[in-house]
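Comments concern the structure below.
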Protein chains: 2
Amino acid sequence: MVTAGSGNTSNSQRYSGRMADTEGLGPEQLATYFVLMESVSLLQHAVEQQLRADGDLSYVQFQLLARLTDAQGQLTMTELADGVVYSRSGLTYQAGLLEKAGLVTRGPSPDDERATLVTITDAGRQRVDQVLPGHVEVARRLLFAPLSGEDVRALGDVMTRVRDHMRAEPPRSAAARARRRDG
Amino acid sequence: MVTAGSGNTSNSQRYSGRMADTEGLGPEQLATYFVLMESVSLLQHAVEQQLRADGDLSYVQFQLLARLTDAQGQLTMTELADGVVYSRSGLTYQAGLLEKAGLVTRGPSPDDERATLVTITDAGRQRVDQVLPGHVEVARRLLFAPLSGEDVRALGDVMTRVRDHMRAEPPRSAAARARRRDG
DNA sequence: GCCCCATAGTTCGAATTCGAAGCAACTCGG
DNA sequence: CCGAGTTGCTTCGAATTCGAACTATGGGGC
């Protein structure tokens with residue numbers, strides 16, 4: 001058995017494994033990993049449908065706009081790609097689409113002539129506002145519905161630690177790009 | 001603020017409006033949702049690198065082989081696609097690649113003339129064995145390293161419930177067809 | 001046995017993705 | 001100031017993905 005029953009509905013949690021030191025993972029960890037990937041996959045599919053239906057956006061495009069909204073200003077292409085976990089060439093493509101749609105603008109940076117600053121437009125903000133309610137609704141219905149407040153807090157806590165850990169860890173094999181804020 | 005600080009480590013939980021009209025989901029949940037998606041994105045990228053390097057497989061291909069291993073036998077294309085959260089046409093493409101690589105075989109079903117039964121070959125099993133150690137290692141290093149055994153158990157439990165919930169819900173709004181199993 | 005429609009897979013076209021290669025600008029030591 | 005190496009972004013080609021259209025089989029009602 002490889003995936004430890006990732007396709008089953010029942011949760012046979014009768015394994016009391018522990019973090020092995022030199023060995024691999026126990027079935028419990030492996031099952032956790034697989035169910036995590038599967039759930040997010042399902043969620044992402046649903047979310048993509050909603051964004052496309054409500055505002056003709058892909059999830060990546062939504063992420064980019066949301067990130068720009070967060071930044072309260074402009075971001076360089078690299079910062080944007082880095083935040084969204086995306087290839088640079090892919091971002092060039094998507095930024096082109098967003099610019100053509102009038103949701104962002106691209107301009108040169110005063111500090112660095114090479115850099116391209118991406119700015120969200122009012123139409124872009126409007127689009128985010130347009131899809132956000134439905135987006136939130138999907139997340140609530142699919143992800144949060146079966147969870148208690150305590151579950152949500154635990155999930156957020158755990159995944160935040162995982163995210164921070166992965167962000168701190170270099171990709172290890174590929175040509176690691178420079179990390180600002182060396183921590 | 002939209003993503004409630006998805007690029008930060010934690011807190012900064014203030015945001016300005018825009019979500020209050022959809023009751024029931026606060027910034028904490030939204031942040032949890034975003035950090036979940038981000039983490040899995042990072043993890044998936046790393047895993048894809050490993051699989052490609054260790055066994056020249058994409059994550060989807062690995063999933064398909066793993067699922068076939070689990071099934072201990074043959075699965076139809078639809079069962080396979082459904083388990084992996086994948087489009088049917090995409091599966092046809094990938095199954096073609098796997099067949100050409102000699103990792104699976106495709107044959108007609110005795111029960112249903114329309115169905116195609118996909119079977120993993122010994123070479124396929126071998127390939128899974130070949131990449132699984134490194135795969136597990138990546139998961140351990142990136143996902144489980146910062147987590148306690150209790151964290152892992154909680155994560156598995158929560159995501160299992162989420163997965164079951166989403167599997168029970170008809171996620172496809174547009175092409176919701178295959179849901180006639182219940183009564 | 002014959003319609004009608006649902007189901008299983010494939011094919012096809014369009015869109016998206018990535019990595020490698022290329023170009024422009026920045027940095028630093030001499 | 002020059003050259004080498006680095007960084008930011010885009011272009012390019014190949015691979016992958018999805019949805020819609022299509023073919024063929026299965027099942028129910030008549």
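None of these values were measured; they are calculated from a predicted model. A, B, ... follow the sequence lines: proteins, then strands. Residue 1 opens every chain.
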Q49(A) atom CD is separated from dC18(D) atom P, nearest whole Å, by 11 Å
Between CG of L80(B) and P of dT7(C) the distance, given in whole Å, is 19 Å
To the nearest angstrom, the CD-P distance between E48(A) and dT16(C) comes to 10 Å
Here the pair of heavy atoms bringing V35(A) nearest to G156(B) is CG1-O, 4.3 Å
Per the under-4.0 Å heavy-atom filter, residues of residues 93-109 of chain A near DNA chain C come out as Y93(A), Q94(A), L97(A)
Sequence neighbours excluded, the answer for salt bridge (charged side-chain N to carboxylate O under 4.0 Å, His left out) partners of D54(B) is none
Taken in chain and number order and not counting sequence neighbours, the residues that satisfy salt bridge (charged side-chain N to carboxylate O under 4.0 Å, His left out) with E99(B) are R106(B)
Margin query: Distance alone, cut at 3.5 Å: any donor-acceptor contact between the side chains of D151(A) and S148(A)?
Written below: yes
| Salt bridge flag under 4.0 Å for residues D157(A) and R161(A) | yes
When rounded to whole Å, the CD to C1' distance for the pair Q61(B) and dT17(D) reads 13 Å
Between the main-chain N or O of V84(B) and the side-chain N or O of R67(B), is there a donor-acceptor pair closer than 3.5 Å? no
| said: Please check: side-chain N/O of T121(A) versus main-chain N/O of L103(A), any donor-acceptor pairing under 3.5 Å? | reply: yes
Against the side chain of T78(A), the closest entry in dT17(D), dT10(D), dG8(D) is dG8(D)
With the side chain defined as heavy atoms from C-beta on, V60(A) is closest, among dT10(C), dT17(C), dC9(D), to dT17(C)
Here the distance between atom C1' of dT17(C) and atom OH of Y59(A), to the nearest Å, is 17 Å
Between CZ of F62(B) and P of dT16(D) the distance, given in whole Å, is 18 Å
Side-chain donor-acceptor pairs of residues 89-98 of chain B under 3.5 Å, sequence neighbours excluded:
| from | atom 1 | to | atom 2 | distance (Å) |
| --- | --- | --- | --- | --- |
| T92(B) | OG1 | R88(B) | O | 3.3 |
| Q94(B) | OE1 | Q61(B) | NE2 | 2.8 |

With distance as the sole test, does S39(B) use its side chain to make a donor-acceptor pair with the main-chain N or O of V162(A) at under 3.5 Å?
-> no
Ionic contact status for D129(B) with R125(B), cut-off 4.0 Å: no
Margin query: What contact category does S58(B) fall into here, base, sugar-phosphate, or nothing, at under 4.0 angstrom with non-hydrogen atoms?
Written below: nothing
> Relative to each other, are the rings of F34(B) and H135(A) parallel, tilted or perpendicular (30° and 60° limits)?
Replying inline: parallel
Between CG of L91(A) and C1' of dT17(C) the distance, given in whole Å, is 12 Å
Where do N or O atoms of nucleotides 22-28 of chain C meet protein N or O atoms at under 3.5 Å, pair by pair?
| from | atom 1 | to | atom 2 | distance (Å) |
| --- | --- | --- | --- | --- |
| dC26(C) | OP1 | E113(A) | N | 3.1 |

Output for pair (L42(A) CG, H165(B) NE2), nearest 0.5 Å, gives 11.0 Å
Taking dT10(C), dC18(C), dC18(D) as options, the one with an atom nearest any side-chain atom of T116(B) is dT10(C)
In whole angstroms, the gap separating P of dA15(D) from CG of L57(B) amounts to 16 Å
Are any protein N/O atoms closer than 3.5 Å to N/O atoms in nucleotides 12-14 of chain C? If there are, list each pair with its distance.
none

